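Reading through the structure tokens given below for one structure.
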Amino acid sequence: MLALKNISKSYESNPLLTDISFTVAAGETVCLLGASGSGKSTLLRIIAGLEAPDAGQVCWGGVDLAAVPPHLRDFGLVFQDYALFPHLSVFDNVAFGLRMRSRNRRSLATLENVAYADEKTLVKEMLDIVNLRGFEARRVTDLSGGEQQRVALARALAPHPRLLMFDEPLGALDRTMKDDLLKELRAILHRTNIPAIYVTHDQEEAFAIADRILLLREGVILREGAPAEVWNDPRSAWAARFLGVGNVVEGKVSNVSGVRYQVETNLGVLKMQCKHRHAVGEHVSLLLRASDTGMKLKAAVEDVAFNRDQFRVTLRGGLMIELERAPKIGAEISVLFAMECLGDA
Ligand code: ADP
Ligand code: MG
């Protein structure tokens, strides 16, 4: 399968990607999650062979792909802007992927020299998969954004690539369209068992689609794991903030007794146990999450915002919690918080 080994890339001596290594297993969807400018698209271009790394290797089945040009790597790409051919019909856009592949592969296998009748069947199959049955003759310019992205997906799927790469594919779509397509995409990837790398800056999208998340910060993989693992244990204040996990509270260690610490924060002095070693005076970041057990904090409700099936409630002092029922603004409420230390602030 795909293995990246110690990939680094700089532009004008500014490091953009530093020592990136990861693998993508058969049928696995790996999501590269990072802020805009963190090097995600550059990494995809390197994997696709459109750009060379300064150091490191892109390997498939243990073989370095450095000498393999992009059109022979057998990887499919789907972009945010669809990159469809506006002058071609839906059919011809999808068939394009097949024709490119049969041209590239002609000398390798006659089997893949798709005859026109087969091409028709295959395009139809692909359009079925992406829920665009009967769209063959439509002009792509007459389609909605969501439909255009489905055509792009069908075009990428048609040649049965050994890897699919998505670069912020839903970035241009509205929320409902995004949610629907995301669900379908996940089902399609699992059904076809094609391994995929999905790039986004949107943590909700990442959590919804990924089997495994790679959190990219300034060109370095900061955290890697299944969505639930990363959510339950973000391991750094930056990751917790970026993912929107609980509340990150900064504080200063004011007392140490074995593994017991007191930390001065703007919420008052918090008492906790911690697996790290801290000295008095050290600045630390704490993660506070509403929980069934833990420390009880009483605070007034400052703001309530509806957030899908829950209410996002801001308490005086800045803590945020999610509740199923909206409390009244100004009311005092008690909340239990589980608290953990994320290490140095
Ligand atoms: P992301 O996709 O995460 O937003 P990119 O991979 O597009 O990040 O690139 C991040 C930064 O790398 C860009 O903001 C730009 O400064 C720099 N960069 C990318 N490609 C080039 C290039 N060809 N020449 C110079 N700088 C580049
Ligand atoms: Mg990008």
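Because the structure is predicted, anything quoted here is derived from the model rather than measured. Heavy atoms only: backbone and side chains are in, while hydrogens, waters and symmetry mates are out. Numbering of ligands and ligand atoms starts at 1, following listing order.
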Which is it for His283 and Glu250 under the side-chain hydrogen bond (donor to acceptor under 3.5 Å, both in side chains) test, yes or no, and what are the steps along the way? CA-CA 7 Å; His283 289 268; Glu250 306 293 343; over 6 Å; no
Check the hydrophobic clustering (I, L, V, M, F, W, Y; side-chain heavy atoms under 4.5 Å; chains of links allowed) and say if Phe207 and Phe166 are grouped together. no
Please state whether the rings of Phe75 and Trp60 are parallel, tilted or perpendicular, taking 30° and 60° as the class boundaries. tilted
I'd like the residue list for ligand 1, meaning every protein residue with a non-hydrogen atom under 4.0 Å from the ligand. Tyr11, Leu16, Ala35, Ser36, Gly37, Ser38, Gly39, Lys40, Ser41, Thr42, Arg45
Could you walk me through whether Phe91 and Glu119 pass the side-chain contact (heavy atoms from CB on, under 4.5 Å) check? CA-CA 10 Å; Phe91 180 91; Glu119 182 181 274; 3.7 Å; yes
NZ or CZ of Arg223 within 45° of Phe242 ring axis and under 6.0 Å: no
Pair Glu282 + Arg277: basic N to acidic O under 4.0 Å: no
Can Arg212 and Glu224 be counted as an ion pair, charged N to O under 4.0 angstrom? yes
Metal environment of the Mg ion (ligand 2), protein N/O/S under 2.8 Å: Ser41 OG
Just so I know, are the side chains of Asp202 and Lys178 near enough to count as touching, which here means a heavy-atom distance under 4.5 Å? yes
Kindly check if the number of other-residue, nucleotide or ligand heavy atoms within 6.0 Å of CZ (Arg325) is above 12? no
